[in-house]
Undergrad: 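My questions will all concern the structure given below.
Counting begins at 1 with the first residue of the sequence. Counting starts at 1 for both ligands and their atoms, following the listed order.
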Amino acid sequence: MSTAVIILAAGQGSRMKSDLPKVLHKIAGAPMLWHTMQRAQQIEAEKTVVVVGHGGELAEKSAMEFDAEASVVWQSEQNGTGHAVQQAADVLNGFDGDAFVLYGDTPFVQPETLEKMRAARKDNAVVVLGFEAETPGGYGRLVMDGDQLDAIVEAKDCTAEQAAISFCNSGVICAPAPLLFSLLGDVGNENANGEYYLTDIVGIARARGLACTAISCDEAETMGVNSRLDLARAEAVFQGNARMEAMENGVTLTAPDTVHFAFDTHIGRDAIIEPNVFFGPAVTIESGATIRAFSHLEGCHVARDCQVGPYARLRPGAELDLGAKVGNFVEIKAAQIDAGAKINHLSYVGDARVGEQSNIGAGTIFCNYDGVNKHHTEIGKRVFVGSNSALVAPISIADDGFIATGSVVTNDVEEGALAIARTRQVNKPGLGIRMMDRLRAAKAARNSK
Ligand code: UD1
Ligand code: MG
């Protein structure tokens, strides 16, 4: 059975007090919207439809960035969740599989939970995801009759008896797409908010004699984000889960609470992550690599048995091959570091390739930028670059080249050559001590005044 996912993301999120649409605020380095779009991928949905409204241009751009195949539809006025879902009708015209409705601001609903709902669809026309709410407050109440869901009643429209129900609506609903839109056709707006409630489809389906049920999940999965505080809490939940998952997969985290993951961090087994390491988006760490304390990585790939840090910075496009070493206060950007190469101290390596077994000495700077353009540096195999050298790109140093320490290298260096590019040292006999004597005498004269 094919599946479509409709993601509601038109709401303003006024409690965020932000110019950014709520669903674009980030959790683990990715817009909240992407977390929900990822669910659609995980349950192998053929179609994803994102309903945008407030800040819709930005939301649309972000949705496309995550999945260029997704459809974006507009809800220019926010007349309720039912009205929002209806905006997807045209895009899903002719689609006869199941449709899930998810919220763009509820990032933690698990794919396994959606699978359970899909299974329950066999015997039911409409399946709703519910949870036992600690504080039912403003949630819609699920009115059950045994296994059958009779109705969802919004908090504002509840009788006292209904208000006492603690089994609440998460907002996630699954039904065959044609039925969903047919039921929505019967939804009116005569309620406390004057809105078209998606939740009304349950009562309407029951009146048509259709079976409806609710699957329940943990309240934590249904956590929504409405404020900056919620955002911080959601981040903490994500990080907690990511740390657990990494450890379960065989990664050592010396101080788990201090490691920050992105939504798409991949770490192989037997990797060791020391305290206070930050992973930005798009990082892959292979088995057996060690990331030492206080390192910051984003958009990079670290192969097996590499050592990174402490205090290293790997920026987008840093590619470390087997067993490469990157030490303290080294920054690497858009550079391929081949197997066994070492850059151990205080260096900047940008727009470059460093060949196998080469050694880049302390304080080496790859001068990749002339103020207007970026240029490439090519370093061959087994090259030795002495400390405190500046390599002015574009430049290449062939295999087995040797750069004398303190050189400013502006010309290519051929295979096996030694390049020295600094002024020659001059020693003046006795001048050192004479200078010190003169300085001391001048200071004494000043102090005696
Ligand atoms: C909704 C449910 C309620 C459930 C609760 C769970 C309805 C009528 N009520 O209430 O039963 O317990 O969620 O959190 O469905 N949205 C749009 N367009 C709109 C209105 C909303 O895109 O016109 C989006 C919002 O951005 C949000 C989601 O739909 O992501 C839910 O809307 P919200 O206003 O938070 O609904 P609740 O009143 O919380
Ligand atoms: Mg809400």
Undergrad: To the nearest 0.5 Å, what is the distance between CG on Asp351 and NZ on Lys333?
TA: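 Taking CG in Asp351 and NZ in Lys333, the distance rounds to 3.5 Å.
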Undergrad: Look up atom SG in Cys158 and atom OH in Tyr139, then write down how far apart they are to the nearest 0.5 Å.
TA: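 Taking SG in Cys158 and OH in Tyr139, the distance rounds to 14.5 Å.
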Undergrad: How many angstroms lie between atom CD1 of Ile27 and atom CZ of Phe108, to the nearest 0.5 angstrom?
TA: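 Those atoms lie 5.0 Å apart.
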Undergrad: Are the aromatic ring centres of Phe329 and Tyr311 under 6.0 angstrom apart?
TA: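 Ring centres of Tyr311 and Phe329 closer than 6.0 Å.
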Undergrad: Go through it in stages, so that I can follow the logic: the residues are Arg208 and Asp186, the test is salt bridge (Lys or Arg N to Asp or Glu O under 4.0 Å), and I'd like the CA-CA distance, side-chain angles, deciding distance and then a yes or no.
TA: CA-CA 11 Å; Arg208 290 192 196 174; Asp186 288 354; 2.9 Å; yes
Undergrad: Under a 3.5 Å threshold, I'd like every N/O contact between ligand 1 and protein atoms, with atom names and distance.
TA:
unit_1	atom_1	unit_2	atom_2	d
ligand 1	9 (N)	Glu154	OE1	3.0
ligand 1	9 (N)	Glu154	OE2	3.2
ligand 1	11 (O)	Gly140	N	3.4
ligand 1	11 (O)	Glu154	OE1	3.4
ligand 1	11 (O)	Glu154	OE2	2.7
ligand 1	11 (O)	Asn169	ND2	2.8
ligand 1	12 (O)	Gly140	N	2.9
ligand 1	12 (O)	Asn169	O	2.6
ligand 1	13 (O)	Tyr103	OH	3.0
ligand 1	15 (O)	Thr81	OG1	2.7
ligand 1	18 (N)	Gln75	OE1	2.7
ligand 1	22 (O)	Ala10	N	3.1
ligand 1	23 (O)	Gln75	OE1	3.3
ligand 1	23 (O)	Gln75	NE2	3.0
ligand 1	23 (O)	Asn79	N	3.4
ligand 1	23 (O)	Gly80	N	2.9
ligand 1	23 (O)	Gly80	O	3.1
ligand 1	26 (O)	Gly11	N	3.0
ligand 1	30 (O)	Asp105	OD1	3.3
ligand 1	30 (O)	Asp105	OD2	3.4

Undergrad: Above 12 or not: heavy atoms from other molecules or residues under 6.0 Å from CG of Asn373?
TA: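 Counting other residues, nucleotides and ligands, CG of Asn373 exceeds 12 neighbours.
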